[in-house]
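Below is one structure; the comments refer to it alone.
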There are 2 protein chains.
Amino acid sequence: MEEKEISQAVISRLPRYFRYLGDLKDEGIERVSSQELSDIMKVTASQIRQDLNNFGGFGQQGYGYNVGYLYEEIGKILGLDKEHNLIIVGAGHLGQALVNYMNFERRGFIFRGVFDCNPEIHGMKIRGIEVQPMENMEVFVKENNIDIAVLTIPKSGAVAVAEQLVAYGIKAIWNFAHVDLNVPKEIQVENVHLSDSLMKLSYNLASRDN
Amino acid sequence: MEEKEISQAVISRLPRYFRYLGDLKDEGIERVSSQELSDIMKVTASQIRQDLNNFGGFGQQGYGYNVGYLYEEIGKILGLDKEHNLIIVGAGHLGQALVNYMNFERRGFIFRGVFDCNPEIHGMKIRGIEVQPMENMEVFVKENNIDIAVLTIPKSGAVAVAEQLVAYGIKAIWNFAHVDLNVPKEIQVENVHLSDSLMKLSYNLASRDN
DNA sequence: ATGGAACTGTCAATTCATTGACATAATTTT
DNA sequence: AAAATTATGTCAATGAATTGACAGTTCCAT
């Protein structure tokens, strides 16, 4: 299906297209041109056409794009038509916040288990999911066909736990720990470094002041 | 101080340099060359030198870079030598997780207040900070010299609240709501769209499978 | 039906980002 | 003290991403 490698710059923009198309769909709008989308999203129409064309011709000359169809197609490209089984490793505030955020499940990302090394919270339930000790992880991952692990533990343990998870057969890691993981390149890692993001904000704030 | 505009690509890499330099400093290492850093960080030495040179010559030919000095300087560039006063708007799980995450304070980002529209949690304390009703926001922002607002509310209310915050004098918004804010360009916005990040992971997972 | 307007898909041009190369300077070794 | 080594800062070359332009197709009004 995928013939040429598509740049991460393009991939990063897909979720935003998806979101805007979802909004248009909810408003009952059936068709949209690259120029109209351009106006709403504040990107060039050329970029929109270029981006979409990486995946095929979804539009029609003289008409534009069918909102519902394009929305579905981008969803498929993003793999949202398939279910993913997730575990959370680290049941701190952030881990709990993610489990409690329902919208991920709507998109097919199902939280199956939560793990933590703190014995005091073992057995505690987060949205019905019981917190388990780390020792259970290996069996759980294998038995429940888990493909994505969400890492919300402190940086000190993260690298080692990531390696364990890979050994257990995980395919992708959504990494909130503030450290770069060292895993084989076929394992997909998506980093969310919140403090990096805040520092960037801080820089822009400071630089705008002079 | 800033003469030429520096690209966001460069800015985005600064926090990572800062992190690695901090680690080296903690290990007691005093000097580092761009080549050594390159090996550790898995980026080209040329990029490191190019990036740093946007801000001045921190190194010395034949010697390399002094770790402690460079760490300090990057910290200053990122504005981490100054204190910032923050409020959280939206005391849900994510908002609470952020307040509880101590490391931000270590970098000079001080949470001064938490606001939420749900009356049931007004008066509740999160790490000693009382949750206040939204109506208090205007006075609080003005009296406490708040410059950064953290938006952790659902997308439905986010755009309107952002406009209010701007009117109250806020300078920057760290936006976790899954919507693009509409604020004047002098207001700095840093978006953290978690579901976009997860969708990107999902794409890469799917595309690696074929 | 026919003509004009509205669009896409795509090629080419441009702009932006990254990498490579090297002159020059400080350091270390002999 | 001189030679050899190391390593920066910067210019030029390359590569990637974005934008502009337009041929060709479809839609819509008359």
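Chain letters run A, B, ... following the sequence lines, proteins first and then strands; every chain starts at 1.
- B/D23 has a carboxylate O that lies under 4.0 Å from a charged side-chain N of A/K155, or vice versa, which qualifies the two as a salt bridge.
- Applying the ring pair (Phe, Tyr, Trp, His ring centres under 6.0 Å) rule to B/Y168 yields no partners; only residues at least two apart in sequence or on another chain are considered.
- Scored by the side chain to side chain contact (heavy atoms under 4.5 Å, CB included) test, B/R31 finds B/Y63 as partners (sequence neighbours excluded).
- At a threshold of 4.0 Å, the pair A/D51-A/R13 counts as salt-bridged, since one of the basic side-chain nitrogens sits closer than that to a carboxylate oxygen.
- How far CD of A/E190 is from CG of B/L205: 11.5 Å, rounded to the nearest 0.5 Å.
- Summary of helix geometry: the two end axes of the helix from C/dA1-D/dT30 to C/dT30-D/dA1, each defined by five base pairs via their C1' atoms, are inclined to each other by 20° (rounded to 10°).
- The distance from atom CG of A/D51 to atom P of D/dT18 is 7 Å, rounded to the nearest whole Å.
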I'd like a list of close polar pairs between nucleotides 4-11 of chain C and the protein, N/O only, cut-off under 3.5 Å.
from: C/dC7; atom 1: O4'; to: A/G62; atom 2: N; distance (Å): 3.3
from: C/dC7; atom 1: O2; to: A/G62; atom 2: N; distance (Å): 3.3
from: C/dT8; atom 1: OP1; to: A/S34; atom 2: N; distance (Å): 2.7
from: C/dT8; atom 1: OP2; to: A/S34; atom 2: OG; distance (Å): 2.5
from: C/dT8; atom 1: O2; to: A/Q61; atom 2: NE2; distance (Å): 2.6
from: C/dG9; atom 1: OP1; to: A/F58; atom 2: N; distance (Å): 3.4
from: C/dG9; atom 1: OP1; to: A/G59; atom 2: N; distance (Å): 3.0
from: C/dG9; atom 1: OP1; to: A/G59; atom 2: O; distance (Å): 3.1
from: C/dG9; atom 1: OP2; to: A/N53; atom 2: OD1; distance (Å): 3.3
from: C/dG9; atom 1: OP2; to: A/Y65; atom 2: OH; distance (Å): 2.9
from: C/dG9; atom 1: O5'; to: A/N53; atom 2: OD1; distance (Å): 3.4
from: C/dG9; atom 1: N7; to: A/R49; atom 2: NE; distance (Å): 3.0
from: C/dG9; atom 1: O6; to: A/R49; atom 2: NE; distance (Å): 3.4
from: C/dG9; atom 1: O6; to: A/R49; atom 2: NH2; distance (Å): 2.9
from: C/dT10; atom 1: OP2; to: A/N53; atom 2: ND2; distance (Å): 2.8

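- Put simply, CD1 on A/I11 is 16 Å from P on D/dA16, counting in whole angstrom units.
- Going from atom CD1 of A/I48 over to atom C1' of D/dG20 covers 15 Å, rounded to whole Å.
- Between A/R112 and A/E143, no side-chain nitrogen of the basic residue sits less than 4.0 Å from a carboxylate oxygen of the acidic one, so the salt-bridge criterion is not met.
- Residues satisfying the ring pair (Phe, Tyr, Trp, His ring centres under 6.0 Å) criterion with B/F109, sequence neighbours excluded, are B/H84.
- Atom P of nucleotide C/dA21 and atom CD of B/Q47 are separated by 17 Å, given to the nearest angstrom.
- Residue A/T44 places at least one side-chain N or O closer than 4.0 Å to OP1 or OP2 of D/dT19.
- Considering only residues two or more places apart in sequence or on other chains, B/K142 meets the side chain to side chain contact (heavy atoms under 4.5 Å, CB included) condition with B/E138.
- Atom CD1 of B/I6 is separated from atom P of C/dA17 by 12 Å (rounded to the nearest Å).
- Nucleotide D/dT8 holds its C1' atom 13 Å from the CG atom of B/L37, rounded to whole Å.
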